[in-house]
Amino acid sequence: MTVHDHRSGGVLHTSASPLPPLPPLPVAFTGRDRDVDDILASLAPDGVSGGDFAGLMLTGLGGIGKTTAAIAAGRAAVDRGWFRGVLFVDMRGYDDTRMEAGQALDTLLRMLGVPAENIPPDTEARAAFLRAELDRSESGVLVIADNVSSARQVIPLRPASARHRLLVTSREILPGLGARVLRLGLLDPEAARDLMASEVRAAWPHDDRVAADPDGALLVAELCGYLPLALRLAAAQLIVDQHLQLGLLAKDLTDSAGRLDLLQDGETGIRLTLDSSHRRLSVSQAELFRLLALNPGPEISTVAAAVLAGRTLRETRIMLAQLARTALVSQTPEGGRWYLHDLVHVFAAERARMHPEPSRQARRRLLEFYVAAAGAANDSVTALPDSPPELGVFHDRSHALTWMDRERPNLVGTVQAAVATNHPELVTELAPALGSYLIRRFRTDDGLTVTRAALDAARALDSTSDEAAAWNNFGLALHEARRFDEAAEAFGRSGELFRQCGNRRGESSAQGNLANSLRKVRRFDEALAAHQHALAIDRELGHRRREGGTLNNIAATLQDMRRFDEAIEILECARDIHRELGDVDGEATVWSNLAMAMRETRRFDEAVEAGRHSARLARGLGDPHLAATALEEIGAVFQMTGRFEEAIATHQKTCIGFRELGDRHGEALSWGNLGLALGAVRRFEEAVDAHENALAIHLELGDRHDWARTCGNLGAALNGLGRFEEAEDVLRPALAVFQERGDRHGESAVWNNLGAVLEEAGRRGEAIQAHQEALRAVQEVGDRLAESRSLTNLGDVLREAGHVGAAIAAHEQALEIHRALGDRHGEAKLQDKLGLDFGEGGDHQAAADAFQRARRLYLDLGDEDGEAVALLGQADALCSRSGFQEAADAAREALVLFRRLGSADGEAAAWYCLGDALHGVGETAEAETALRRAETCGQVLDADGDDGSGPDAVAD
C-alpha cells in the first residue's frame with residue numbers, strides 16, 4: 001500500500017497489512033436470513049443503481065439488531081469475494097460523546113495501516129486521504145459506520161468509487177446522506193423464541209427450559225415485542241436465575257409498569273436505549289411522543305393525533321413524520337396512521353405520567369373527539385337519503401362504515417378508557433352508536449364489552465333513561481351472541497324502564513327486539529304479541545320507517561310459523577313503506593325476506609329476482625353482509641329447483657363472504673346449505689365435510705339449536721355413504737335437543753332422516769315408526785308442506801315394506817295437500833309416487849294413468865327432466881299390462897328427452913324399456929339393437945328414478 005506524506009508531499013510506502021477483523025456476531029444470531037440477503041443484494045458488485053456513491057442505510061428501532069445484521073452481511077460479502085475486508089467503526093451517535101467525522105476518519109486510516117503522524121489534522125484532508133487510499137486498493141473495501149445519528153457524521157466517509165461501499169446503521173432516516181434505505185423489522189415469533197433458547201444454552205448448554213415450554217417462550221417473546229435486545233435481556237433473567245420458569249417470567253413481564261425495569265442487565269436496557277433517542281427530540285416532538293401513548297387503541301390517525309396534541313393538522317403531520325424518522329414512531333404501510341412499538345408505548349406512557357395535567361386534558365379531548373365522530377358516523381349510516389345528518393364529516397354511508405371499521409379498536413378502547421378515568425357520561429353517549437355498528441359488523445365480543453360497560457355507566461349516573469337504552473343495547477349484543485333467553489330478559493327490563501320514562505319510541509324498540517329473541521327460541525305466539533305491541537306504538541307515533549321494520553319482523557315470525565302467504569302480504573306492505581321513504585337499507589332487507597317466502601311458496605322465478613334485487617341494493621349501500629344473505633337465499637332457490645351446480649357455487653361463495661365478514665353464524669349456515677346441495681348430487685363425502693365444518697362453528701358458538709339442525713343434515717349425508725351406525729349416532733342426540741326444546745318442526749325433520757337411515761339399514765318396522773312420529777309432529781304444528789313431506793316419506797317406506805294400500809293412502813293425502821297449496825310441481829312428484837305404488841300393487845293401468853298425469857304436469861311446468869322420468873314410468877307400466885306399442889312410443893319420447901338432457905343413465909333405461917316393448921310387438925331384431933344400445937350407455941337407472949323425496953333438510 002502507498003501512503004501520501006501530507007507534510008512533505010511525498011509518498012510513504014506501507015505494508016499491505018490485513019484489515020482488522022469485524023466484531024464477533026452474537027451466539028444467538030437468528031431470524032435475519034432474509035434481511036441479510038436484502039443487504040447483500042445492495043452490496044453486490046452489480047447492485048449499484050447509478051451515481052458515484054454506492055451507500056446503504058440500515059435503519060430501525062434501537063435494539064432491533066441493525067448492528068448484528070450489518071456485521072453478518074459484511075462477513076458474507078467478504079466470503080463471496082466482493083471485498084478484501086471490512087472497516088467497522090462505531091459512531092456512538094446516541095451517546096453523550098458521539099464520534100465526529102474527523103475522529104472516524106482518523107480511526108479508519110489507522111485501520112488501513114497509516115501511521116498516526118501521517119494522518120492530516122483537518123477533516124477535509126483526512127477525507128481526501130481516505131478516498132485516495134481506497135482508490136489505490138486493487139479490490140473493494142466495505143466501510144460499516146454503526147450507530148450514526150446525523151448525516152454530517154458520515155458524509156466525509158463516503159467512497160468515491162462504486163468498487164467500495166459504505167453501510168450505515170442508524171435509528172433515524174438520514175435523507176442528507178443520499179443512500180438507499182433499508183428498514184429492519186421485528187423478528188417473527190419462532191425466531192424470537194430460538195434467539196432466547198440460543199442465548200440460554202450458550203451460558204448453560206444443557207438448559208432446556210425454553211424448549212420445554214414453547215408456549216411460555218412465545219408469550220415472553222410477545223411481551224418483549226419480538227425486539228432482539230429485549231429478548232436477550234429476557235434471556236439474561238433466565239441465565240442469572242436457573243430456577244426461573246418461562247411462565248413466571250411472562251407473568252413478571254405482563255406488568256407493563258415494571259417491564260422496562262426488568263428488561264435490563266445493569267449495563268444496558270430498553271429504557272436506556274429509548275432514552276438515548278428520546279433526548280434528541282425537541283420539546284414539541286417530545287410532547288407529542290408521550291401523548292401518543294394516551295390513544296386508547298393500537299393506531300392513531302393524523303386527525304386524531306392533532307386533536308390529542310391540540311395542534312393544527314399540518315403541524316401534527318410534520319411532527320409525526322419527524323418522529324417516524326427517529327424510529328420511535330412507525331407509520332402504517334398505507335400512510336396516514338401511526339403506532340408505537342409495545343415497549344416504546346410503555347416508555348412513552350411513563351413520560352406521559354410525568355406530566356399528569358396536560359395528559360389528562362389531552363386524553364379528554366381525544367375521547368370527546370371519538371365520541372362525536374362515532375355519533376356522526378352512525379348518523380350517516382342510519383340516515384335516509386333525503387335527510388343527511390347535520391354533521392357532514394362523512395361523505396356517505398360507505399365512508400362512515402369504512403371509518404368505523406378502521407377506528408373500531410380505538411372506539412372500543414375509548415369506552416374502556418372512559419370507564420377507567422371515571423367518565424360514565426362519555427360511555428353512555430358513545431355506546432349506542434358503537435353498539436349498533438358492532439352488531440352490524442358481527443363483533444360479538446366487542447359488542448358485549450361495550451354494552452355491558454354502558455349499563456354499568458348508566459347505573460353510576462342513576463339515569464333511568466340511560467339504563468333503559470343500555471339494557472336494550474345489551475340485549476342486542478346478547479341476541480347477536482345467540483344468548484336468546486338472556487337477550488329476552490334484557491329487552492323485558494328495557495321495555496319496563498322505557499315505560500316508566502314515558503319513552504314510547506324506546507318502548508317500541510324494546511318490544512320489537514324482545515319479539516325477535518322470543519322467535520329464536522320458538523315462542524311464536526309471544527313473539528307476535530310483542531311485535532303487535534311495537535307496531536301499535538309505531539303507528540301511534542306516525543313513525544313510518546319503524547313501522548316498516550316492525551312489519552318485516554312480523555313477517556319473519558310468520559315464516560317461522562310456516563304462514564308464508566300472510567308473510568308475503570305483510571312484506572309487500574313493508575317494502576312499499578321503505579320505498580316510499582327512500583330507505584334503501586330497509587327495502588333491501590325486505591326483498592331478501594320476500595325471496596325466502598316466495599321460495600317456500602314455490603314462486604321460484606320471483607324468488608330469484610327478489611334475491612338479486614336485494615343483493616343489488618345491498619352492494620349499492622356498501623353492505624356486503626346483506627348482499628351475502630341475499631345471495632345465500634338465491635342459492636337455496638337453485639337447490640330447490642334442481643339447479644344443484646349453481647347452488648353449490650353460490651353457497652361456496654357465501655361461505656367465503658361470511659367468513660371474511662366475521663359472521664360465524666352466517667358461515668355455518670352457508671356450510672350447511674352447501675352440504676345439502678352436495679348431498680343432492682350424491683357427493684356425500686364432500687357433504688359430510690361441509691356439515692362437519694358447520695357443526696364445529698355451532699359448537700364454538702354454543703348454539704345447540706343449530707347444532708341439532710346440522711346433526712340432522714349430517715346424518716342424511718352419512719346415510720348416503722352407507723355409514724348407518726354413525727348416522728344414527730348423530731341423529732339421536734339431535735332428536736333429544738329438539739324434544740327438550742319442544743321444537744316439533746325440527747323434531748319431525750330428524751325423525752324423517754332417522755327413518756331413512758333405518759330403512760337403508762333394513763330395519764323397516766322401526767323406519768315406519770320413525771316416519772309416523774315425524775308425521776305426528778308436523779300435524780301438531782300445522783305445517784302443511786312439512787306434513788306432505790312426512791306423508792311422502794312414510795308412503796315410500798310402506799311401499800317398500802309391501803303395504804301398498806297404506807302407501808297409496810299416504811301419497812294421496814300428500815297429493816291433496818299440494819293441490820290445496822297450489823303446488824303443481826309437488827303434485828307432479830306425488831303422481832309419480834302413486835304410479836310406483838299402483839305398479840307395485842299390480843294395477844298397471846292405474847299406474848300408467850298416474851304417470852300420464854305426472855307427465856302432463858311436468859310438461860306444463862317446462863320440467864323436461866321430470867317429464868322424461870314420468871314417460872319412462874308410463875312406458876314401464878304399459879309394458880306390464882301388454883300395451884307394447886304405446887309403451888314403445890312413450891319410451892322413444894323419453895329417449896329423446898334424456899338425450900337432450902345429457903343423461904346417460906336415463907338414456908340407458910329408455911333403451912332397455914324400448915327393447916322390452918319391441919319384443920312385445922314382435923320386432924325382435926329392433927329389440928336386440930335397443931338392448932345393445934342400452935348396454936353402451938352405462939348403468940340402468942334405478943327403477944324408482946330421482947323421485948325428489950329423500951332426506952329432510954332441517955331448516956332454521
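What you see below is based on every heavy atom in this structure, not just the backbone, and it leaves out hydrogens, waters and symmetry mates. All values reported here derive from a predicted model rather than from experimental measurement.
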Keeping [X] on the side-chain end and [Y] on the backbone end, is there a donor-acceptor pair under 3.5 Å?
| X | Y | value |
| --- | --- | --- |
| Q285 | Q322 | no |
| R183 | G60 | no |
| N410 | G297 | yes |
| R165 | A44 | yes |
| Q103 | E100 | yes |
| R84 | G140 | no |
| R163 | D135 | yes |
| D95 | T97 | no |
| W204 | I239 | yes |

Open item on the list: With ring-ring contact (aromatic ring centres under 6.0 Å, His included) as the rule and sequence neighbours excluded, what pairs involving residues 327-351 come up?
Closed with: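 Found H278-F347.
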* **Pair R193 + E190: basic N to acidic O under 4.0 Å** =>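 So R193 does not pair with E190 through a salt bridge.
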With a 4.5 Å cut-off on side-chain heavy atoms, are [Y] and [X] touching?
| X | Y | result |
| --- | --- | --- |
| I300 | R337 | no |
| L340 | L328 | no |
| R209 | L238 | yes |
| V329 | L288 | no |
| R92 | N147 | no |
| L262 | L249 | yes |
| M99 | V89 | yes |
| L58 | I39 | yes |

- Would you please name every residue forming a side-chain contact (heavy atoms from CB on, under 4.5 Å) with E357, sequence neighbours left out?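 Listed in chain order: R360, Q361.
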### Contacts of T414 that satisfy side-chain contact (heavy atoms from CB on, under 4.5 Å) - sequence neighbours left out
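T414: side-chain contact (heavy atoms from CB on, under 4.5 Å) contacts with P296, L367, Y370, V371, L430.
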Could you check whether [Y] and [X], counting side-chain N and O atoms only, form a donor-acceptor pair closer than 3.5 Å?
| X | Y | result |
| --- | --- | --- |
| D146 | T169 | yes |
| S42 | R180 | yes |
| R353 | S359 | no |
| Q153 | S149 | yes |
| T254 | R259 | no |

Please report the shortest heavy-atom distance between [X] and [Y], naming the atom on each side.
| X | Y | answer |
| --- | --- | --- |
| A192 | L231 | CB-CD1, 3.5 Å |
| L142 | G74 | CD2-CA, 3.8 Å |
| S139 | H164 | O-CE1, 3.7 Å |
| M57 | A179 | N-CB, 4.1 Å |
| G31 | L187 | O-CD2, 3.8 Å |
| A234 | M196 | CB-SD, 4.4 Å |

Below 3.5 Å, can you tabulate the donor-acceptor pairs from side chains in residues 210-224 to any protein atom, sequence neighbours excluded?
from: D213; atom 1: OD1; to: G216; atom 2: N; distance (Å): 2.9

| field | Pair V86-V141, side chain to side chain contact (heavy atoms under 4.5 Å, CB included): steps then yes or no | value | CA-CA 6 Å; V86 180; V141 173; over 6 Å; no
- Query: Please walk me through it: do F88 and T67 pass side chain to side chain contact (heavy atoms under 4.5 Å, CB included)?
  - Reply: CA-CA 10 Å; F88 179 91; T67 301; 4.1 Å; yes
- Task: Sorted by first residue and then second, give each salt bridge (charged side-chain N to carboxylate O under 4.0 Å, His left out) pair with at least one member in residues 273-293; sequence neighbours left out.
- Result: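 For residues 273-293: D96-R279, E172-R280, D275-R279, D275-R351, E287-R311.
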Exercise for review: Quick one: which residue pairs count as a salt bridge (charged side-chain N to carboxylate O under 4.0 Å, His left out) with a foot in residues 57-73, not counting sequence neighbours?
Suggested key: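 Qualifying pairs: none.
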Test salt bridge (Lys or Arg N to Asp or Glu O under 4.0 Å) applied to D106 and R110, step by step: CA-CA 6 Å; D106 179 84; R110 291 171 187 266; 2.7 Å; yes
Return the CG to CD distance between L699 and E692, rounded to the nearest 0.5 Å.
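Between atom CG of L699 and atom CD of E692 there are 11.0 Å.
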Discussion item. Once rounded to the nearest 0.5 Å, what's the spacing between atom CG of L227 and atom CG of D342?
Written reply: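 Result: 10.0 Å between the selected atoms.
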Working note: L291 + L366, criterion side chain to side chain contact (heavy atoms under 4.5 Å, CB included); need CA distance, chi angles, decisive distance, verdict.
CA-CA 10 Å; L291 291 179; L366 183 64; over 6 Å; no
task: Tell me, yes or no, whether the heavy-atom count around E124 atom CD, taken from other residues, nucleotides or ligands under 6.0 Å, exceeds 12.
output: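 It does not: E124 CD has 12 such atoms or fewer within range.
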>> Checking Q264 against R271 for the side chain to side chain contact (heavy atoms under 4.5 Å, CB included) test, could you report, in this order, the C-alpha distance in whole Å, the side-chain angles of both residues, the deciding distance, and whether it holds?
In response: CA-CA 8 Å; Q264 57 87 26; R271 184 183 285 107; over 6 Å; no
Just do the salt bridge (Lys or Arg N to Asp or Glu O under 4.0 Å) check on D35 and R32 with the steps written out, would you? CA-CA 5 Å; D35 295 302; R32 291 297 188 197; 3.1 Å; yes
